[in-house]
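Structure first, commentary second.
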Amino acid sequence: MTDSPLLQVQHLSVNFGRGAQSQTVVRDVSFTLAQGETLALVGESGSGKSVTAHSVMRLLPYPHAWHSPESDIVFAGQSLLGLSDTAMNHLRGNRIGMIFQEPMTALNPLHTVEKQIAEVLRLHTDIRGDALRRAVLEQLERVKIPDPVSKLKAYPHQLSGGQRQRVMIAMALANKPELLIADEPTTALDVTVQRQIMELLRDLQRELGMAMLLITHDLGVVRHFSDRVAVMRRGELVEQNSRVALFASPQHEYTRHLLDSEPRGEPLPAQTDAPLLLQARQLTVRFPLEKPLFRAPSKFLTAVDNAEIALPKGTTLGVVGESGSGKSTLAMALLRLLGSSGDIILNNQPIQNLSQRELRPLRSRMQVVFQDPFASLSPRMTVQQIIAEGLEVHTKQTLAANEAAVIKALQDVGLDPETRHRYPHEFSGGQRQRIAIARALVLEPELIFLDEPTSALDRAVQVQVIDLLRDLQARYQFSYVLISHDLKVIRALSHHVLVMRNGKIVESGPAEKILNEPQQGYTQELLAATLG
Amino acid sequence: MKLSPINQRRLATFRSNRRAWWSLWIFMVIFLLSLGAEMIANDRPLLLRYQGELFFPAFIDYTETDLGGDFETSADYHDPWLREQIESDGWILWPPVPYSYRTHINNLPGPAPTPPSRDNWLGTDDQARDVFARVIYGFRISVLFALCLTIGSAVLGVLVGALQGYYGGKVDLLGQRFLEIWSSLPVLFLLIILASIITPNFWWLLGIMLLFSWTSLVDVVRAEFLRGRNLEYVRAARALGVSNSRIMLRHILPNAMVATLTFMPFLLTGAISTLTSLDFLGFGLPPGSASLGELVAQGKNNLHAPWLALSAFGVLSLMLTLLVFIGEGVRDALDPRLVRKG
């Protein structure tokens, strides 16, 4: 152990592009990281935290990206920015390891787990043959993959998300690096898995005595797993402190704002005698697993299994579950966008057997807001066209009336109506989600399905969107079906909660009861895994 | 019409590709000029004045009697007697090239084909017709044929691809199998057989070629629609109750148009080459029509008259090169990965 820190980042600036179009994305960032320490780099999307981490690995698209002359990154006494490519390759994957956010895309889908981990070892060590295989197995055991021997020959798509992330960690740690850069290591994972992965990372860090640069936007992760915290905003480091001090007394206004922006608030008081708006009985969605040419398929994947749903007017039904639990499928089936069996009753009218044509007039009464506001708005249409589309289908009114309705909808969601002639790419994520909400509410529906409406957004924006949704519910008595994996979001809006796992409804009932005294083991596990 | 920002950026990328931009201009100028081929190369005067009256022989058929002759036949303005007759009491305005593609020139200095001269800029072919005039008309008919074929195949291909991709399932399965069988039919044999039954003209050829060329776009468009129907904004539109045809037209088609437009210039060059090779083999346009393929065939048969082969080669390579340059520019402009470099 030496006294000088393992990693020193000094006055780091990163610019993209040259000349007039040059853009500075990281400005004068300095921090140090000692051996065995964890520094969390926190900030919203676009704050430059990933770019900073990638500069340490020199993974930016040079020469399109460039550093200002006073920038310097010193790793174990070596200045990285001036290093030759060969010397840099020797460091990467060997003394500095990296874990990426999305394990599915970061692993090569065509290679087995063994081959991918072996490649890292082969590049930097002389281990070959049987010894190499044993070394790979040792790595897999270290990251606690169940049944590691059989996983050697597995391809990435045969593993679950958590297992893939473990393979990534095994790859990054194969050569026992001194520094591990973890770029949002748990963002793509379910809550229960998230906690396991973070605990694994912490244990391995202690075992190997390495330093970790943890990039995350999740304050729950920061609170439990970091020693020091650096807060970034718009490319600048606004505050740097030990974790305890930062959470106890945040100095910078932005840090306070960030710490403060947890989804909060209570669902609106609901009428107890409200009539039922939506009901589903024995709703089942099955996908055929094979497609025989001449007979009906006989093997099915049951995505939703005999779901029973009752939603009174003006209330919110929260649907919780991990990815793959069938919650989005349930919503698509209720919307009749996906074939299902069972009864669906909207306003005392059975809609399961209506044809799409008969259903069309009813579509205006139930609307949907999707998860990703970047994907759910057509990039080729203006905001006016996007919002007015439903009006053109359902209400045959004049252009001027349509435009007035669009303006009102934009005001309702807190956007400037003057922006309606712009295209979606000119808006931020939160603004886009507001546009998506405006598109739903311009038809004056009774029921809105919210499919993970805040998952793609930054924390601070999530709060605003949740407040907006609650506000709109108070004003127009909408009923919501809110699908989320985030229990905080569910808690902030729902009157009733329904917990799903593997297509089955595990538990359902009033929100306070389920979220405070869960009866089922799975629900308890889910609640316990949430990092507060 | 205001272009969406994406299209504005694409146009800017295309314009910044100087080779493609210039190629487009040169091609457009040549094409527009060739559309007025009758005004450039014609065996009838553009305008003449006889006995105080104006005549437009290039556009209206006059008999000799109208111009003071004796016969009730169409006037032959190359007839020295008629010329003298008119010029004795008026004047004649000739186009820059006083021959049409089918004019047989009578008073050549030597046996046809004759080499390039002041009268015949690219010489004459073995039937004593002016090569320059034939090249202009040949260019026009090639490009028009290719345009019709490309637009026709694009419309058919996009339609079929869209239906297959959007509805998927059985429609897609049957469509794909049909396409596989259809595209394995031997086009050239069919053309040869047909050519022996009927005399192929422009429209026959176009129709037959269209029957087989529309399949080339189906796969790209189908792939785009297969992808497009699962996009979130398409699902959002379905949740709004937007009809299928409208979703296809408004939400998915613009995506598929990128692939289609990228393909188009290359379809054009393909169509031109096909027509030329058919003409070369003698299964193309009826005898006597201005065609570049026929000029190539003449060049092959008259190796002692190199101007024939050279003219055909020059025109064809110029046309195809320009189109390929334009096509590359369009492809790069529509490629989202290259936009940042532009």
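Please read all numbers here as calculations on a predicted model, not as lab measurements. Residue numbers begin at 1 in each chain, while the letters A, B, ... track the order of the sequences.
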Closest non-hydrogen atoms of R439(A) and A236(B), given as atom of the first, atom of the second and distance, are NH2-CB, 3.3 Å
Region of P445(A) that comes under 4.5 Å of a non-hydrogen atom in chain B: neither
Does CD in E392(A) sit with more than 12 non-hydrogen atoms of other residues, nucleotides or ligands closer than 6.0 Å? yes
Relative to chain B, which segment of L443(A) carries a heavy atom at a distance below 4.5 Å: side chain, backbone, both, or neither? side chain
R380(A) and V258(B): which non-hydrogen atoms are nearest, and at how many Å? NH2-CG2, 4.0 Å
The interface call for Q385(A) against chain B, heavy-atom contacts under 4.5 Å, is both
From L240(B) CG over to I387(A) CD1, what is the distance, rounded to the nearest 0.5 angstrom? 11.0 Å
Over 12 foreign heavy atoms within 6.0 Å of CD, Q23(A): no
So does L32(B) have more than 12 non-hydrogen atoms from other groups sitting under 6.0 Å from CG? yes
Given that the side chain runs from C-beta out, which part of M366(A) has a heavy atom under 4.5 Å from chain B: side chain, backbone, both or neither? backbone
For chain B, find which of R336(A), M381(A), H425(A), R357(A) contributes the most heavy-atom pairs closer than 4.5 angstrom. M381(A)
Can you establish whether the number of heavy atoms outside R365(A) located under 6.0 Å from its atom CZ is more than 12? yes
Taking every non-hydrogen atom, the tightest pair across A239(B) and Q367(A): O-NE2, 3.3 Å
Spatial distance of atom CZ (R235(B)) from atom CG (D451(A)) [nearest 0.5 Å]: 7.5 Å
How about F263(B): does its CZ atom have over 12 heavy atoms from other parts shown lying under 6.0 Å from it? no
Tell me, yes or no, whether the heavy-atom count around R177(B) atom CZ, taken from other residues, nucleotides or ligands under 6.0 Å, exceeds 12. yes
Nearest-0.5 Å distance that lies between atom CD in E389(A) and atom CD1 in I247(B): 7.5 Å
Working to the nearest 0.5 angstrom, can you tell me the gap between S378(A) OG and N255(B) CG? 7.0 Å
R246(B), part contacting chain A, at a heavy-atom distance under 4.5 Å: side chain
Evaluate side-chain contact (heavy atoms from CB on, under 4.5 Å) for R238(B) paired with R363(A), printing each intermediate quantity in order. CA-CA 9 Å; R238(B) 284 176 61 199; R363(A) 287 247 176 255; 5.9 Å; no
Give a yes or no on whether W204(B) atom CH2 has more than 12 heavy-atom contacts from other residues, nucleotides or ligands under 6.0 Å away. no
Between chain B and each of Q371(A), H394(A), R422(A), count heavy-atom pairs under 4.5 Å; write down the option with the most. H394(A)
Compare every heavy atom of A375(A) with every heavy atom of Y233(B), then report the nearest pair and how far apart it is. CD2-O, 3.1 Å
Counting heavy atoms not belonging to Y62(A), are there more than 12 under 6.0 Å from its OH? yes
